[in-house]
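Written below as structure tokens is the structure these notes are about.
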Amino acid sequence: MDVNSAYLSWEAAYRLQQGASLDLRTVPSAVGGNPETRRGIILAKSIPAKKYKIQTGETLFSAKQKCPDLIIVSPNYDLYRQCSEYLKRILTAYSPLIQQFSVDEFFLDFSGMEKLWGDPLSTAYQLKETIKEELGFTVNIGISSNKLLAKMGSELEKPDKVHTLFPEEIPTKMWPLPVEELFGVGRATSQKLRDRGIKTIGDLAQEDPTYLKRFLKSYGILLWNYANGRDNSPIIENKAIPIKGLGNSTTIPFDVDDRRTAQLVLLSLAETVGMRLRRNGFCAGLVSVSIKTSDFLYFSHQKKLYLPVDCTSAIHATACALLDELWHGQPLRHMGLRVSDLCASDFFQPSFFEQSLEKQKRIDKAIDSIRLKYGAGAVFRSAFLHSGLKPLSGGVIEFEEYPMMTSIL
Amino acid sequence: MEILCSREDFLTGVNTVQRAVPTKNTLPILQGIKLKASDNKLWFEATDLELSIRCYLPVTIHGEGEVVLPAKLFSEIVRKLPDSDLKIVSDDHNVNIYYNNSNFAVNGFDPEEFPEIAEITSEDPIVLPSALFKDMIKQTIFACAVDESRPVFTGLLLHIDKENILLIATDTHRLAFTSSVIPGNEKEFKGIIPAKTMNEIYRLLDDEEVLTIKYNKSRVIFEFGSVQILTRLIEGQFPNYKQVIPQSCNTKILVDGKKFLDTVERASLLSRDNYLKTNTVRFSVENSAIIINQHSEMGKISEQIEIEQEGEDFTISFNAKYITDVLKVINTEQVIMEASGSYSPVVFRPVSDDSYLYLALPLRN
């Protein structure tokens, strides 16, 4: 299942609910950043906006040139997280095995559920209507015998549709599509394929796999299997995906050239990284800091920790030490903080001679629970007062348990 | 330089100093072993600037002089020479080794470039029996940190205070402490000796010899037989180890060290922990027995060892190596373990011997 223009639909449904008269979905509109804080790109667009060839990821400036009447609204990630959660709640009634694949995509294993719900096609229609009625937005549902085909099916005609894409339907429904439509074919791969005259998914499916392997390595075989509708990846419940590291980064609204502000930005990132780390039950053994200067030069340093930690303040202290090593005062536009070398926070080897972090752990736990209950802004560090910086930054949606982007089914 | 000696003596000299040759490529000259002939002694020297090893052999000298030869090649050559008398003649930087009716010529380095190994002139060295020191090293060195990020933990704290001598090693997860007595000693010394140096001392020290320690603020020379090991001390503050040694315990047990070692080694076969990258072992102490019930995807093991127990029951998890390492060095048949619950450090010590103590932190889960 895939939500049609997710961010925009959610925004529109929310506004209607709040009494707005205009449905954003019916006019050229987009969810976009704010050019003043230098985050000026399109994140999602309405179907009418699509007709102006506005693309996700392009700057607001160029989108406005294509369509001067384009309505641009700011993103509200808290709302999107809520919508995503409500959607998941509805889905759990239909199957015990659900994989959230991204903020707006889900896989449902319907095996054996016919006895309860009847045939999949009519259930899908029922599900789609329930969502439209209860939550006010539309979804596409693809039905098939594996994840790849179901996903491809959900991408067929939009919006508000149910499609089947069973193996016998592949030649008619999937093969005529341009090769870029295939899951896993991005810009780089599509260029390589087009250079060799492979224009449609059908072309790819009928290609000799050993030939594909020569220029795409093993990924060529995977794509060839995908093009033929072959995929045997299981539906995995979230959390089953092993996380190797996690990090957040932020583009700062102004160039940072003083140490104190740079440290505050790191603190705001440490807050979100720390929360994610704790939420997943990990401690990190390695911290790395990256910076991008106003000239778009990129630098990064990392440091191994003696004792794995999950405390915001400990992560921040290490990050600041790294920043001092790394940075010589150039104006900064972007900063990132990443932790890896993860180990379970409830199973680790303690050390002698280390300061006890028990108190810090308790503080973090208390803050996390307040933020979870009353919102991320409910409590923040006083260092951010009058700083012009957000007390928490980075991470589109703070509590994701699914990858933001992946090419692994 | 022109000398006569047997191949076997020569090999001994090379083997003695070779470990001081740095394995990483630093200064090219340090990849060499220096030979110096004077006063009817042939001196071998190698250094990585932290650790220097020097030894001599009595040889017949026809011409004095010095030469530096590439260590790796030179030792390979000596190893492969026939067992016969050798004549070694140097000509400028190069060396000719004559054996039977053959000769091997090796190009060397300029001896002028080889760093001078500084002498320490101490009028009043500390003298102690080798066997004692060797034993102390063996009982502690395994607890040093391998990871070099904090240098202090890669060394052993040697503390000589008049008649008392202490040697302590810790990698912050466990700590080994041993003490002994040097009767009649008046001197004092305190410094962190690199584990690598201690390893070399342990390797080269003969039980019958007498060990002499000369020192100044930053360096120490250990002398025994014809060998001198000179090392730089590790700078920094050794942590206050006394504060982590528990003064009391809730449970005291007496266990057969060998049996426990075998059990832990068997149990740890099943439990490679991916996060800790090591084997773990979990056991319970109850009703005067150590009980191991360990299982993993590979299988399961159940074992029980009878022990003498005083105090409350507990269950605890360890990095298996932290237990096996110490059980291998405790000499007595019975080992005392003192614990206080699942999270406090556990003390291991031999029965009726207060000079040795080891403690390890359990895994937290």
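Numbers restart at 1 for each chain; the letters A, B, ... are given by sequence-line order, proteins then strands.
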Margin query: Give the interface residues of residues 144-151 of chain B toward chain A, defined by a heavy-atom separation under 4.5 Å.
Written below: S149(B), R150(B)
Notebook entry, point to check: In this structure, are over 12 heavy atoms from other groups packed under 6.0 Å from D354(B) atom CG?
Noted result: no
Note to self: For N240(B), is the CG atom crowded, meaning more than 12 foreign heavy atoms sit under 6.0 Å from it?
What the structure shows: yes
Next item on the list: Counting only heavy atoms closer than 4.5 Å, note whether P362(B) contacts chain A via side chain, backbone, both or neither.
Entry: backbone
Next item on the list: Please name the pair of heavy atoms, one in P350(A) and one in L361(B), separated by the smallest distance, quoted to 0.1 Å.
Entry: O-CD1, 3.5 Å
Item checked: E354(A) atom CD, neighbour heavy-atom count above 12 within 6.0 Å -> yes
Notebook entry, point to check: When only heavy atoms count and the cut-off is under 4.5 Å, which of residues 168-177 of chain B reach chain A?
Noted result: T170(B), T172(B), H173(B), R174(B), L175(B)
Note to self: Restricting to non-hydrogen atoms, name the atom on N319(B) and the atom on Q349(A) that form the minimum distance, rounded to 0.1 Å.
What the structure shows: CB-OE1, 4.0 Å
Note to self: Check this for me: K321(B), atom NZ, are more than 12 non-hydrogen atoms of other residues, nucleotides or ligands nearer than 6.0 Å?
What the structure shows: no
Item checked: Under 4.5 Å from any heavy atom of chain A - which part of Y343(B) -> neither
Notebook entry, point to check: When you measure from the side chain of Q243(B) to the backbone N and O of F353(A), does any donor-acceptor pair fall under 3.5 Å?
Noted result: no
Notebook entry, point to check: Take atom NZ in K361(A); do more than 12 heavy atoms of anything else shown fall under 6.0 Å from it?
Noted result: yes
